[in-house]
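Note that ligands are numbered from 1 as they come in the structure, with each ligand's atoms numbered from 1 the same way.
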Amino acid sequence: MRVPVIAGNWKMNKTPEEAAALCRALLTHLDVLDDREVVLCPPFTALATVSEAIRGTKVVLGAQNVFYEDSGAYTGEISPLMLQALGVKYVIIGHSERRQYFGETDEMVNRKVKAALQHDLKPIICVGETLAQREAGVTETLVKSQVDKAFHDIAADEAKQVVVAYEPIWAIGTGKTATSREANRVIGMIRGTLGEIYGDSVAQAIRIQYGGSVKPGNMAELMQEPEIDGALVGGASLDAESFARIVRYDD
Ligand code: 13P
């Protein structure tokens, strides 16, 4: 059985002080059940604060990006070692906003995934198509290629540590969600691709989330789909009550 993982991607929001307040509010609402994992991904500047705030709870710390070298002359970058030292367990890699605004390529995503795994960080690899790609009918080809390249040269036992997030770009921050059936279909296709690389038993162990306008009102339906193993939540994770309801699958 795959344990669903529900991650809040706070994106470029919250000062350390605001992050501490959000954690306090969240922890009063949040009831982390044993059958699911909850991850908070604040900006780098609030990781230490959130790490402290969630100490002793079942909530886990995640980061939104990582560089692929351990140290050195890479001004402005953050290494896997630095994240590990702060108690980070998960790291989002290849979010569409990073691919779009910061030029991240599939090759960079693959290097980051390898570096994260080497330091015991679990990558959350984001894949997904634009509206133009969907309308052109290339969703499957594009997503399959993103998955193939992200997992290039990753061994099967390491691949099991990875979480994939299917985030159709047209559904991010737009209020448009993929229907749960459609999300389930593409996620099933992603699992099929992983099966071609690693075989069925590894593919069945890898968790694949949906992301894109997840709200309390659509989480329960998404979680009823057999292939969907949780959610990567943007906007709704900034509100304590909304995120707590998403974690409970409570509409
Ligand atoms: P929204 O939930 O705001 O649509 O963002 C989704 C996302 O990009 C999570 O990584």
Is the shortest side-chain N to carboxylate O distance from Glu37 to Arg2 below 4.0 Å?
->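 Here Glu37 does not pair with Arg2 in a salt bridge, since their nearest N and O are not under 4.0 Å apart.
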
Carboxylate-amine/guanidinium proximity below 4.0 Å for Arg111 and Glu69 =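 Yes, this pair counts.
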
Could you give the side-chain donor-acceptor pairs of residues 12-21 under 3.5 Å, partners two or more places apart or in another chain?
residue : atom : partner : partner atom : Å
Asn13   : ND2  : Trp10   : O            : 2.8
Thr15   : OG1  : Glu18   : N            : 3.1
Glu18   : OE1  : Thr15   : N            : 2.9

When you measure from [atom] to every protein heavy atom, which one gives the shortest distance, and what is it?
atom: atom 5 (O) of ligand 1; answer: Lys11 NZ, 3.3 Å
atom: atom 3 (O) of ligand 1; answer: Gly235 N, 2.8 Å
atom: atom 7 (C) of ligand 1; answer: Glu167 OE2, 3.1 Å

Would you check the N or O atoms of [X], main chain and side chain alike, for any that come under 3.5 Å of an N or O of ligand 1?
X: Gly234; value: yes
X: Gly211; value: no
X: Ile172; value: no
X: Thr174; value: no
X: Ser213; value: yes

Short list, please: which atoms of ligand 1 are under 4.0 Å from a heavy atom of [X]?
X: Asn9; result: 9 (C), 10 (O)
X: Ala171; result: 4 (O)
X: Gly173; result: 1 (P), 3 (O), 4 (O)

Pairwise side-chain contact, Asn110 with Lys149, heavy-atom cut-off 4.5 Å (strictly under) =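 A side-chain contact is absent here, since even the closest heavy-atom pair is not under 4.5 Å.
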
Nearest heavy-atom neighbours spanning Leu22 and Ser237 |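 Smallest heavy-atom distance, with atoms named: CD2-O, 4.0 Å.
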
Pairs in or reaching into residues 211-220: which pass side-chain hydrogen bond (donor to acceptor under 3.5 Å, both in side chains), with residues at least two apart or in two chains?
->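 Sorted pair list: Thr177-Asn218.
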
Would you tell me whether Glu129 and Tyr166 have side-chain atoms, one donor and one acceptor, within less than 3.5 Å of each other?
->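 Their side chains do contain a donor-acceptor pair, which is all the 3.5 Å distance test asks for.
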
